[in-house]
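Nothing here was measured: the structure is a model prediction, and the numbers come from that model. Atoms within each ligand, like the ligands themselves, are counted from 1 in listed order.
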Amino acid sequence: MSVLSVRYQGETAIVTLDNPPVNAVSEEVRKGLVALADKLDEDNGVAAVVLTCAGRTFIAGADVREFGKPPVEPHLPDVVTRLEQAKKPWVAAIHGAALGGGFEIAMGCRFRVADRSAKVGLPEVTLGIIPGASGTVRTPRLTGVEAAVELATSGKPVSAHQALQSGVIDKVVEGDLLEGAIAFALEALNHPLPQPVSARPVETRDEAFWEKAKKQAARAGYQAPLSALDSIRFASRHSFDEAMAYERQTFLDLRASDEAAALRAVFFAERAAPRPAFFKDTKPRPAARVGIVGGGTMGAGIASSCLSAGLNVVLIERDDEALARGRQTVERTFAGAIKRGKLSAEGKDTLMSALSGSTDYADLGRCDLVIEAVFEEISVKRDVFKKLDRHCRPDAILATNTSYLDPREISSALKDSSRFLGLHFFSPANVMKLLEIVPVPETADDVLASGFALAKQLGKVPVRAGICEGFIGNRILKRYRAEAETLVREGIAIADIDAAMRGFGFKMGPFEAQDLGGLDIAFLQREGARAEGAVIPETLGDILVRSGRKGQKSGGGWYDYADGDRTPRPSSAVSDLLAAQVTNGPQLDPEEISERLVRAMAAEGEAILTEGVAHSASDIDLVEIHGYGFPRWKGGPMFWKDQRLRS
Ligand code: 3H9
């Protein structure tokens, strides 16, 4: 059966694209659209054509799976032009999302209508490319340069309402979209048709505009947003045909780039993550009411995340004062969302009304899932789980948010560990996307599946991790920091190491990040392990903490900080403290420094894979990207290392 079908209602031909799951434009779709445009042009009974899609969305873009292969005719830009040149006006009826090539096809149509919940956008930059079928050439002609720059460089879609306001679409249809689109088409036939988008004039903007836009696009840290801007700029100064040729060449060059390959790999890894093969047929348990034990930063963050996802939350604290503080932290999070325009005041009230608090574990009796987020100390955690065992329903899932402790030592406090799971959120838990899911050997399959279902509901990226110190992410972090210290011992300046990692794409280098988070947490862990007999050589961080340098909170760590200023300043006190540890080896350039550090991360990742702590290299990459700020356009340490080996 063909992915495209046509039926007729009076003088309107209704073309339906049905190419699950998201109607991506494959070779078959491109060929089919051209054939239909030819056929309908010759059909005298047809006055207008409505293009609609089956399933959950309009066209989500070109088929990304074809991007690793050579392009095959007809190319999408030619398909868009063919639709634009159709003798009968085509009307795109958009539901779900018209993205990338989907939006470009819609721009080839003479009109665009959408239902209320539809979105329109040019997300190509998120795949390391630019629009390749007139997105940077037609969009500025359709909606002006500024809106086109925003769409193409941010990659963020706009709502139907915004699209209507900026002239991207012609109408928001209330009620049945197809009926509305047909009525719109018939009405439009009573008037002279508007010019096709390619024939419309394009505005020019002054140099100040482009400079400002360039600064903004450069913030993303990788090439595609800058190239999208450049292509729009070119389009604003050249003929349509010249601009199309320029865009196409840029698109093809970027499509073959390392960054695009990395971003594609991440795109598919993220989509595969919520549905791992190991529990394909297992049904998760329901989790509508969630209990959270501990209202500190982590507990309150998890609570905010659950509330935002529409779950009911019962927060448990040891006394009313701590409970009030936890509630305030949640309130503050939502107040911040209101400030940023992400939440309305009424929306906040609705979310807060789903939060209840208690100092009595008996109030967890109706919860489907309870997440413990108390102090990272084994006896405290075991105590919590003993209480949970007494008060929670026997089928309730009981989860720990521990980041370093052995979950087996916690789960053994329960009578039945099959309902136990590690759910390792990252701080701030309402923002960070990563969720490490750590089963113990007894964890039931449906409990494990429930962890993944929860992640999906919270909009998080779930990764299954086996049990070892630090699971996947913190174990790699430890290796990364150790390698960074080795570089310092070899005589590389702390500031040079941080600068090299920022140059690689991290927002912060390893030492700046430690100063922000505090050096004392890892120090105390090492000290705890040493007290229990573990042999852990003195780290440079230990030397700093022992002399009172715990990071920004103590006025200095790896760097000095002036009062009230977070700018890191190289510290002569640190140089003196570490002088005896440092030998003066050869200096390294920034690429050599980042290579050393990322190779160390990848080597730890290899060990993690070999031990079965992670199930795939792409899981490790997702952990690094979503939990530790690894630049997504480098694909994660495992992808990066493989790419290096291939080139
Ligand atoms: C482009 O258009 C370039 C052009 O300018 C020029 C060309 C010359 N291709 O996200 P979901 C799959 S570049 C192939 O979970 P949702 C996805 O892998 C493209 N497959 O669904 C998954 O497969 P599986 C620009 C795709 O409902 C399944 O669909 N467009 C594509 O949460 C479901 O995906 C984009 O970047 C694709 N383009 O969200 C849009 N898209 O089930 C990317 C999805 O086997 N897509 N799949 O794992 C999206 O943003 C979301 O999929 C969408 C639906 C919002 C549409």
Does a donor on one side chain and an acceptor on the other come within less than 3.5 Å for E247 and T250?
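Their side chains do not contain a donor-acceptor pair, so the 3.5 Å distance test is not met.
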Measure up the [X] and [Y] rings against each other and bin them: parallel (under 30°), tilted (30 to 60°), perpendicular (over 60°).
| X | Y | result |
| --- | --- | --- |
| Y222 | W633 | parallel |
| F506 | F630 | perpendicular |
| H238 | F234 | parallel |

Heavy-atom distances under 4.0 Å are what count here, so tell me which part of [X] touches ligand 1: side chain, backbone, both or neither.
| X | result |
| --- | --- |
| A24 | side chain |
| V22 | side chain |
| A62 | both |
| L127 | side chain |

Using heavy-atom distances, let me know which of R56, R255, E247 sits nearest atom 27 (O) of ligand 1.
R56
Counting heavy atoms only, which of R271, R248, E270 comes nearest to atom 18 (O) of ligand 1?
R271
Please indicate whether Q643 has more than 12 foreign heavy atoms, meaning atoms of other residues, nucleotides or ligands, lying under 6.0 Å from its CD.
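Enclosed: over 12 neighbouring heavy atoms sit under 6.0 Å from CD of Q643.
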Is the NE2 atom of H161 crowded by more than 12 outside heavy atoms at less than 6.0 Å?
no
Under 4.0 Å, counting heavy atoms only: does [X] come that close to any atom of ligand 1?
| X | result |
| --- | --- |
| T57 | no |
| P123 | yes |
| R275 | yes |

Can you confirm, on distance only, whether ligand 1 has an N/O atom lying under 3.5 Å from any N/O atom belonging to [X]?
| X | answer |
| --- | --- |
| G101 | yes |
| L76 | no |
| G132 | yes |
| P77 | no |

Counting each atom of ligand 1 from 1 as listed, which ones have a heavy atom of [X] under 4.0 Å away?
| X | value |
| --- | --- |
| G100 | 2 (O) |
| E124 | 1 (C), 2 (O), 3 (C), 4 (C), 5 (O), 13 (S) |
| F268 | 18 (O) |
| E104 | 4 (C), 5 (O), 6 (C) |
| L99 | 40 (C), 50 (O) |
| V64 | 9 (N), 14 (C), 37 (C), 38 (N) |
| P21 | 28 (C), 29 (O) |
| F67 | 3 (C), 13 (S) |

Cation-pi, F639 ring and K634 (6.0 angstrom, 45 degrees)
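Verdict for F639: no cation-pi partner in K634.
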Taking the six-membered ring of F268 as reference, does the NZ or CZ atom of R264 fall below 6.0 Å from its centre and within a 45° cone about the axis?
no
Give a yes or no on whether [atom] lies under 4.0 Å from any heavy atom of the protein.
| atom | value |
| --- | --- |
| atom 53 (C) of ligand 1 | no |
| atom 39 (O) of ligand 1 | no |
| atom 50 (O) of ligand 1 | yes |

Any donor-acceptor pair under 3.5 Å linking the side chain of [X] with the backbone of [Y]?
| X | Y | result |
| --- | --- | --- |
| K348 | I338 | no |
| N430 | S304 | no |
| S231 | S227 | no |

Passes salt bridge (Lys or Arg N to Asp or Glu O under 4.0 Å), R138 versus E84? Steps please.
CA-CA 11 Å; R138 280 195 174 86; E84 195 178 57; 2.9 Å; yes
Taking 4.0 angstrom as the limit, do E66 and R255 come out as a salt bridge?
no
